[in-house]
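Data first, discussion second: the structure below is written as structure tokens.
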Amino acid sequence: MKNTGLALGGGAVLGAAHVGTVRAIEELNIRIHYIAGTSIGAFVAAFYAFGKSWKELEKIASVINWLDITGISLSRYGLLSNEKLGDMIIEQIGDKNIEDSEIPLAMVATDITTGEKVILKKGSVAQAVRASTCIPGIFMPVEIDGQMLVDGGVVENVPVNTVKEMGAEYIIGVDLNAKYSYEKPDNILDVILNSFNFLMLQSDKLQTDNADLLIKPDLSSFNRSDTDQVDELMKKGYEDSINVLKKIT
């Protein structure tokens with residue numbers, strides 16, 4: 001089979017479904033040669049690229065709580081800091097650099113000064129994950145090499161083109177938003193996340209057209225900010241992924 005790339009998209013808590021996709025990939029013995037992630041997709045991609053199995057990912061995802069990965073920010077640029085998220089990465093895989101990964105890895109962020117896409121392929125894994133998952137207005141931007149970076153979903157929510165540029169000849173994309181159903185927001189976080197995702201919907205469709213195989217788990221019954229649903233999201237991600245992935249094995 002051709003060199004295969006995996007592009008994991010953003011979607012806040014819905015990203016737990018990516019763990020189910022990884023499980024399906026492992027069970028079907030599909031070899032991933034390149035991996036790219038945006039936002040929560042970068043979080044999962046980093047662990048997988050550094051050798052974490054789906055079972056290890058499942059354990060990590062099951063114990064994550066919103067309060068565990070955030071902290072109050074005293075910055076004028078964001079309400080919260082996601083520094084604890086970086087600490088979790090270091091705790092699980094060590095204080096590693098992206099270029100040390102077992103599978104070539106890239107993470108997408110956005111330069112909030114210029115609006116340009118920034119592909120992070122070297123330097124601190126923890127810092128890169130923090131930058132890619134930095135939802136504007138909620139988290140304080142992360143500064144890397146003089147650039148003020150926020151969530152990569154602003155520019156490329158499903159990093160299909162990024163993994164193609166890495167050298168992938170066959171691309172599996174995972175779009176968490178394709179079949180998502182929006183409801184009346186319950187809180188300020190839902191308001192911000194809904195607004196953010198409405199802006200991305202149109203570009204998502206254009207970006208994912210370049211995927212050779214697109215997984216679109218039906219997550220319409222889930223809330224993108226409720227961490228109590230993580231176990232169900234992983235199960236749903238697995239069920240919807242394995243049916244699609246069987247087509248290429």
Side-chain angles (χ1 to χ4, degrees), residues 4-25 32 34-50 52 54 57-58 60-61 64 69 82 85-86 88-89 92-93 98 101 103-110 117-121 125-135 139 142 149-166 168 171-180 193 196-197 200-201 203-204 207-208 210-211 213-217 219 222 224-225 230 233-234 236-238 240-241:
T4 302
L6 179 62
L8 301 179
V13 174
L14 300 180
H18 286 320
V19 178
T21 300
V22 169
R23 177 185 172 186
I25 285 171
I32 300 300
Y34 302 95
I35 186 166
T38 297
S39 198
I40 193 65
F43 180 74
V44 176
F47 283 124
Y48 191 52
F50 276 87
K52 293 290 184 184
W54 77 264
L57 280 168
E58 185 180 55
I60 294 166
I64 288 177
I69 59 173
N82 65 356
L85 185 68
M88 178 182 285
I89 295 284
Q92 294 291 336
I93 66 171
I98 300 168
S101 61
I103 302 171
L105 168 67
M107 289 173 269
V108 179
T110 305
K117 179 169 81 170
V118 177
I119 302 173
L120 300 165
K121 293 193 288 187
V125 176
Q127 284 291 88
V129 171
R130 285 187 59 213
S132 188
T133 58
C134 187
I135 302 166
F139 293 126
V142 176
L149 304 179
V150 298
D151 198 302
V154 175
V155 286
E156 190 183 26
N157 193 49
V158 185
V160 169
N161 290 329
T162 295
V163 82
K164 183 176 183 179
E165 289 167 9
M166 292 172 74
I171 300 169
I172 301 168
V174 187
D175 187 349
L176 302 175
N177 299 309
K179 295 184 179 180
Y180 186 71
L193 289 173
F196 186 49
N197 282 283
M200 294 189 301
L201 282 177
S203 59
D204 271 7
Q207 292 160 8
T208 54
N210 292 325
L213 186 75
L214 185 62
I215 298 170
K216 300 185 287 186
L219 307 179
F222 297 93
R224 66 178 62 245
S225 64
V230 164
L233 278 163
M234 290 189 286
K236 184 62 174 169
Y238 170 73
D240 286 7
S241 296

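Residues Ile25 and Trp54 fail the side-chain proximity criterion, which asks for heavy atoms closer than 4.5 Å. You'll find the side chain of Lys236 reaches within 4.5 Å of the side chain of Phe222, heavy atoms only. Leu219 places a side-chain heavy atom less than 4.5 Å from the side chain of Leu176. Within the 4.5 Å cutoff, no side-chain heavy atoms of Ile40 are placed close to those of Leu14. At least one side-chain heavy atom of Tyr48 sits under 4.5 Å from a side-chain heavy atom of Ile103. Side-chain contact between His18 and Phe43: absent, with no pair of heavy atoms (C-beta onward) separated by less than 4.5 Å.
Side-chain atoms of Ser132 come within 3.5 Å of backbone N or O of Ser39 as a donor-acceptor pair. When atom types are taken as modelled, the side chain of Ser241 and the backbone of Tyr238 share no donor-acceptor pair closer than 3.5 angstrom.
Looking at every heavy atom in both residues, Ala61 comes nearest to Val230 through O-CG1, 3.4 Å. Taking each heavy atom of Val129 and Ala46 in turn, the nearest pair found is CG2-CB, 3.9 Å. Minimum heavy-atom separation, Glu156 to Val108: OE1-CG2, 3.9 Å.
Enclosure of atom NZ in Lys117 by more than 12 non-hydrogen atoms of other residues, nucleotides or ligands within 6.0 angstrom is indicated. In the displayed structure, Lys164 atom NZ is contacted under 6.0 Å by at most 12 heavy atoms of other residues, nucleotides or ligands.
Put simply, CD1 on Ile93 and CE on Met88 are 12.5 Å apart, with the number rounded to the nearest 0.5 Å. Rounded to the nearest 0.5 Å, atoms CD1 (Ile172) and CD1 (Ile35) are 10.0 Å apart. In this structure, the separation between OG1 on Thr21 and CG on Leu6 is 7.5 Å, given to the nearest 0.5 Å. To the nearest 0.5 Å, the span separating OG1 on Thr162 from CD1 on Ile119 amounts to 4.0 Å.
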Phe47 vs Val22, side chain to side chain contact (heavy atoms under 4.5 Å, CB included): CA-CA, chis, key distance, verdict: CA-CA 11 Å; Phe47 283 124; Val22 169; over 6 Å; no
Side chain to side chain contact (heavy atoms under 4.5 Å, CB included) evaluation trace for Leu233 with Val13: CA-CA 9 Å; Leu233 278 163; Val13 174; 4.0 Å; yes
Worked check of side chain to side chain contact (heavy atoms under 4.5 Å, CB included) between Asn82 and Ile135: CA-CA 10 Å; Asn82 65 356; Ile135 302 166; over 6 Å; no
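Evaluated for a side chain to side chain contact (heavy atoms under 4.5 Å, CB included) with Leu8, the options Val163, Val174, Thr38 yield exactly one hit, Val174.
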